[in-house]
Amino acid sequence: LWGVPEREWYSYRKAFLSPGYNHLPTSLVKLCVSIANPENGKNVYLPYAGEGLFASYCKDCNIDGFEKDPTAWAITQILATPSNALVNVECCDFDSIVNQNHAKKYDYIFSFPPVLPGNATRQVVDTLYQLITKQLSENGEFYAILPLAFCNASSGWFDLRKIVYDYHKE
């Protein structure tokens, strides 16, 4: 899990996207992808795909994912096209993801979840929790870029930190 100082997090916000959506700095995407170094043909899942930056840097991978914001989803479709990846990012709401068939396993999950108020945060945490526990392959890797406030918050993010810790302990 990567922590970004809160003042920097909010300075990247894009005015044309929905509330809660934040712009992801390309340097952080490149850092995560260089650490993961996904091999050709690996399965990658992008919950909260945003502008599709992870898709554009995961060359020759099989990419699935979702994005709730229609504008960000459209940008994903444009940016991911030249990456030589097989990209299938849907524009849908959180409930349809949590309730989907979890048969497919992923080698990598990259996420930059939205900053949402109150109970909506719990929905984001629950979605990521479901993906990690049901769709991450046995030796799979989970990468999330979160503001530092999430790492300190006692809200639902504690549950996500615990499952990531327990998953890597085994």
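For clarity, every value in this text was computed on a predicted model and none was experimentally measured. Any value given below was found using the heavy atoms of this structure, including those in side chains, with hydrogens, waters and symmetry copies removed.
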Undergrad: Within a strict 4.5 Å, meaning less than it, do heavy atoms of the Phe66 and Val89 side chains meet?
TA: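 Phe66 does not reach Val89 side chain to side chain.
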Undergrad: List the steps, then state whether side-chain contact (heavy atoms from CB on, under 4.5 Å) holds for Ser111 with Ile145.
TA: CA-CA 6 Å; Ser111 186; Ile145 299 174; over 6 Å; no
Undergrad: Which pair of non-hydrogen atoms, one from Ala36 and one from Tyr143, has the smallest distance, and what is that distance?
TA: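 Looking at all heavy atoms of both residues, the closest pair is CA-OH, 3.2 Å.
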Undergrad: For the CD1 atom of Ile132 and the CD atom of Glu141, what is their distance to the nearest 0.5 Å?
TA: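 Reported value, rounded in 0.5 Å steps: 12.5 Å.
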Undergrad: When you measure from the side chain of Lys68 to the backbone N and O of Gly50, does any donor-acceptor pair fall under 3.5 Å?
TA: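 Not at all, since once roles are kept as given, no pair shorter than 3.5 Å links the two residues.
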Undergrad: Looking at every heavy atom in both Thr76 and Gly52, which two are closest together, and how far apart are they?
TA: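 Closest approach of Thr76 to Gly52: OG1-N, 3.2 Å.
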Undergrad: Atom NZ of Lys104 and atom CG of Asn43: how far apart are they, to the nearest 0.5 Å?
TA: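 The CG atom of Asn43 is 4.5 Å from NZ of Lys104, to the nearest 0.5 Å.
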Undergrad: Within this structure, what is the CG-OG1 distance for the pair Leu31 and Thr26, rounded to the nearest 0.5 Å?
TA: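 OG1 of Thr26 is found 12.5 Å from CG of Leu31.
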Undergrad: If you define the side chain from C-beta out and look only at heavy atoms, does anything of Asp107 sit under 4.5 Å from Pro38?
TA: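 Counting from C-beta outward, Asp107 and Pro38 never come under 4.5 Å.
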Undergrad: Heavy atoms, side chains only, cut-off 4.5 Å: are Leu46 and Val44 in contact?
TA: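 In short, these two side chains touch, coming nearer than 4.5 Å.
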Undergrad: For a 4.5 angstrom cut-off between non-hydrogen side-chain atoms, does Cys32 reach Phe54?
TA: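 Yes, their side chains come closer than 4.5 Å.
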Undergrad: Does any part of the side chain of Val33, heavy atoms only, come nearer than 4.5 Å to the side chain of Cys58, both counted from C-beta?
TA: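 SC-SC contact between Cys58 and Val33 confirmed.
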Undergrad: Tyr108: which residues meet the side chain to side chain donor-acceptor pair (under 3.5 Å) condition with it, sequence neighbours left out?
TA: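 So Tyr108 forms no side chain to side chain donor-acceptor pair (under 3.5 Å) with any residue.
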Undergrad: Go through the steps for Asn62 and Tyr106 under the test side chain to side chain donor-acceptor pair (under 3.5 Å), then give the verdict.
TA: CA-CA 9 Å; Asn62 303 315; Tyr106 293 93; over 6 Å; no
Undergrad: For the CD1 atom of Ile63 and the OH atom of Tyr45, what is their distance to the nearest 0.5 Å?
TA: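 Between Ile63 CD1 and Tyr45 OH, I get 12.5 Å after rounding to 0.5 Å.
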Undergrad: CD of Glu51 to CD of Gln77: how many Å apart, nearest 0.5 Å?
TA: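 It is 13.0 Å, given to the nearest 0.5 Å.
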Undergrad: Flag the pair Tyr48 / Phe112 as yes when their ring centroid distance falls below 6.0 Å, and as no otherwise.
TA: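 Aromatic pair excluded; centres sit 6.0 Å or further apart.
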Undergrad: To the nearest 0.5 Å, what is the distance between CG (Asp60) and NZ (Lys42)?
TA: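 Reported value, rounded in 0.5 Å steps: 13.5 Å.
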Undergrad: Would you say the side chain of Cys61 lies within less than 4.5 Å of the side chain of Asn40, judging by non-hydrogen atoms?
TA: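 In short, these two side chains do not touch, never coming nearer than 4.5 Å.
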